[in-house]
Amino acid sequence: MIFKKESNFPHPVLSSFTDDYISVSFSLSISLHDYGDKYRFDIKYYLNSGFINNLLNNKKAIIYLVIESKDVKFFELSDNKYIDIRKNKITLNKITQFQLFIMATKKLSFKDNPELDPFYEHIKDKIYIKPNTVLAMSTVEKFDGDLKKPYELFRKTIDPSINSEIKIEFGSELIEIKFKEKLFQYYEMRNKNALNNHYVYMGLQKALMKFIADLEEEPGEGLDLEELDDPDNKLYRKLFYLMKIKNVTNINIENIDEVIYKISDKIIEKHVNAVKEAVINEG
Amino acid sequence: MRVRLLKETYANDLKKLFEDFKNDKIRKKIEYLSDDIYDIGNVEPFPIYMASGSEDEKTHDFMEAFDKIEKYYLYMDRDLTMDKRFWHTLFMVNFREYIIEKHPNVIKSQNDFNNILVKKFHWENYIYKSLLAVQYINETTNGFQKDKYYSLIINNLDLYNYIIKYRIYRNGQFLKMILDIVNDEDLSKISKAKIKNHPDLGDDERYGRRVIFELNKMYPVIMVPMLDKNELTKLFKRILKKYEANYE
């Protein structure tokens with residue numbers, strides 16, 4: 001599985017989210033080619049750790065490519081720098097993530113590792129790891145072939161036929177706020193966007209409640225976003241990404257307001273300022 | 001057979017969907033129908049709900065599902081077969097008659113309709129379970145051995161569910177290795193048993209689930225999916241022993 005969260009490892013690990021190594025990095029780039037009934041992934045990586053490169057050369061460590069979409073596939077990366085996968089064995093139209101893992105194949109010591117943080121200076125000769133233990137994780141490459149407007153969440157429209165003053169509905173990838181009258185969305189006012197923020201808040205609230213209700217396994221249980229699969233529904237997927245980027249780790253009915261605060265940018269404060277300004281201008 | 005996928009928003013209003021299903025209106029309402037049309041050849045329906053019935057009936061239904069999926073659906077593009085819209089469309093529109101005959105309650109009860117026809121597409125969904133089982137076993141096993149592994153999955157369903165619940169273990173090789181270990185080491189019975197004397201774990205915690213859960217926690221410090229069978233067997237037993245002191 002793709003791994004990118006901060007975590008405590010019992011031994012030094014090279015990755016973009018740990019600081020056990022200094023001045024060393026491990027990055028990955030993937031390019032995808034479509035060959036009719038199969039996909040080809042060209043793999044390029046950059047690793048400037050002498051210690052780990054040396055282990056790889058001496059077969060004391062191996063590299064695995066992990067491809068995660070609906071399931072997880074592991075490929076040992078030997079000299080071949082590409083991998084072919086038949087289309088009936090992988091899903092790509094949703095989100096696919098790629099990461100390289102370097103794993104020890106023998107018992108190893110960190111004694112002769114000059115690239116570790118000085119913190120390890122006096123203890124590194126006591127650090128041993130067993131075979132099958134992770135040594136390094138590359139940056140994550142992401143492939144999302146699906147979202148048409150990945151950064152847009154809302155669409156506001158006027159619809160005189162609705163049976164209420166406003167109506168919040170969910171399209172395939174947008175939260176739709178329908179107004180019965182143009183006036184309700186502060187038509188032709190300065191700071192129109194900020195003035196609309198209370199609708200945005202309501203929209204996010206309703207969308208997140210539906211997100212929880214539709215995706216949780218037991219009612220009331222809430223969701224652990226670290227364990228959750230990328231949702232099929234595109235709107236949910238956008239909300240999911242947004243929450244992950246903003247480091248929201250779990251969501252439930254109780255913490256919705258905190259989640260909205262994290263994923264939006266001071267929408268209430270901006271709204272209040274816009275109202276203040278409007279009042280002053282009117283007065 | 002031609003399948004016209006339902007729009008992504010088809011399940012926004014389940015009450016309405018249920019009414020339209022009852023009256024066979026889904027196929028006629030443009031508000032439901034997307035522009036995604038697939039010609040999928042001659043395919044047959046298969047059992048998609050194995051939560052009720054006797055053990056024999058369940059086994060029979062699973063076997064029939066595995067068999068039909070292998071025959072008709074395994075070679076379709078996975079982008080399609082892993083899309084729940086495809087299956088929901090297929091069984092609500094194309095195979096509506098089959099489903100009503102097999103589960104008459106889908107037109108009588110909203111609940112049964114929801115559970116059988118618009119069930120979330122994850123490890124608890126029987127289409128999902130069956131599809132992954134067939135894909136993984138075909139990827140890793142050939143010919144006459146397949147039935148053995150299909151039976152192992154059905155006989156160790158609780159363990160299988162927990163394997164496909166964790167994304168990291170949604171992988172053919174790993175599944176096969178666990179099934180082999182359970183079979184060779186005779187661990188099926190203990191895996192299904194409830195954990196005793198551990199009130200901290202809730203009252204329906206099983207040994208097998210716990211093993212999978214703990215293996216998941218070890219990753220990626222230990223690259224569990226890359227372990228060989230010997231090492232994985234040792235780890236499996238070590239975790240069992242942690243919860244069952246009497247286990248040898």
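Just so you know, these numbers use all the heavy atoms, side chains as well, and skip hydrogens, waters and symmetry mates. Lettering of chains follows the sequences in order, A, B, ..., and the numbering in each one begins at 1. Here the structure is a predicted model, which is why all the values come from computation and not from measurement.
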* Structure fact -> The reported gap from CG in A:Asp71 to CD in B:Glu139 (rounded to nearest 0.5 angstrom) is 7.5 Å
* Asked: In terms of heavy-atom contacts, does NZ of A:Lys107 have more than 12 from other residues, nucleotides or ligands at under 6.0 Å?
  -> no
* Which portion of A:Leu228 sits near chain B, non-hydrogen atoms under 4.5 angstrom -> backbone
* Option among B:Lys165, B:His122, B:Arg170 that satisfies the side-chain contact (heavy atoms from CB on, under 4.5 Å) test with A:Asp229 -> B:Arg170
* Asked: Can A:Lys210 and B:Asn12 be said to form a side chain to side chain contact (heavy atoms under 4.5 Å, CB included), step by step?
  -> CA-CA 10 Å; A:Lys210 200 161 146 48; B:Asn12 272 3; 4.3 Å; yes
* Point-to-point distance, once rounded to the nearest 0.5 Å, from OH of A:Tyr64 to CE of B:Met226 -> 5.0 Å
* **Heavy-atom donor-acceptor pair, B:Arg167 side chain to A:Ser69 backbone, under 3.5 Å** => no
* Does a sphere of radius 6.0 Å around NZ in B:Lys234 hold more than 12 heavy atoms from other residues, nucleotides or ligands, not counting ones at 6.0 Å or beyond? -> no
* Asked: Looking at B:Pro220 and A:Met137, what are the two nearest heavy atoms and their distance?
  -> CG-CE, 4.2 Å
* Any donor-acceptor pair under 3.5 Å linking the side chain of B:Asn171 with the backbone of A:Val72? -> yes
* Asked: Any side-chain heavy atom of B:Val221 sitting closer than 4.5 Å to one from A:His11?
  -> yes
* To do: Give, as side chain, backbone, both or neither, the part of B:Met76 having an atom under 4.5 angstrom from any heavy atom of chain A.
  => backbone
* Proximity breakdown for B:Tyr166 and chain A, heavy-atom pairs closer than 4.5 Å -> side chain
* Measure the NZ-OG1 distance between A:Lys234 and B:Thr9 for me, rounded to the nearest 0.5 Å. => 10.5 Å
* Asked: Near B:Arg238 CZ, under 6.0 Å, is it more than 12 heavy atoms from other residues, nucleotides or ligands?
  -> no
* Just wondering, are more than 12 heavy atoms of other shown residues or ligands nearer than 6.0 Å to NZ in A:Lys130? -> no
* **Proximity breakdown for B:Leu74 and chain A, heavy-atom pairs closer than 4.5 Å** => backbone
* Asked: Considering only heavy atoms, which portion of B:Tyr136 lies under 4.5 Å from any heavy atom of chain A: side chain, backbone, both, or neither?
  -> side chain
* Asked: Going by heavy atoms in the side chains, are A:Glu227 and B:Asn216 under 4.5 Å from each other?
  -> yes
* Is it the side chain or the backbone of B:Gln173 that comes within 4.5 Å of chain A heavy atoms, both, or neither? -> neither
* Structure fact -> Ranked by heavy-atom pairs below 4.5 Å to chain B, first place among A:Leu135, A:Leu215, A:Asn233 goes to A:Leu215
* Structure fact -> Under 4.5 Å to a heavy atom of chain B? For A:Asp37 that would be neither
* To do: Just give me the residue among B:Asp228, B:Leu132, B:Leu227, B:Ile164 that pairs up with chain A most often, heavy atom to heavy atom, under 4.5 Å.
  => B:Leu227
* To do: Measure across A:Asp232 and B:Glu8 and return the closest heavy-atom pair with its distance rounded to 0.1 Å.
  => O-OE1, 4.4 Å
* Heavy atoms of other groups near A:Lys167 NZ, more than 12 under 6.0 Å -> no
* How many angstroms lie between atom CE of B:Met223 and atom CD1 of A:Ile102, to the nearest 0.5 angstrom? -> 10.0 Å
* Asked: For B:Lys7, does the NZ atom have more than 12 heavy-atom neighbours from other residues, nucleotides or ligands under 6.0 Å away?
  -> yes
* Heavy-atom count around A:Met209 CE within 6.0 Å, excluding the residue itself: above 12? -> no
* CG (B:Asp35) with more than 12 external heavy atoms under 6.0 Å -> no
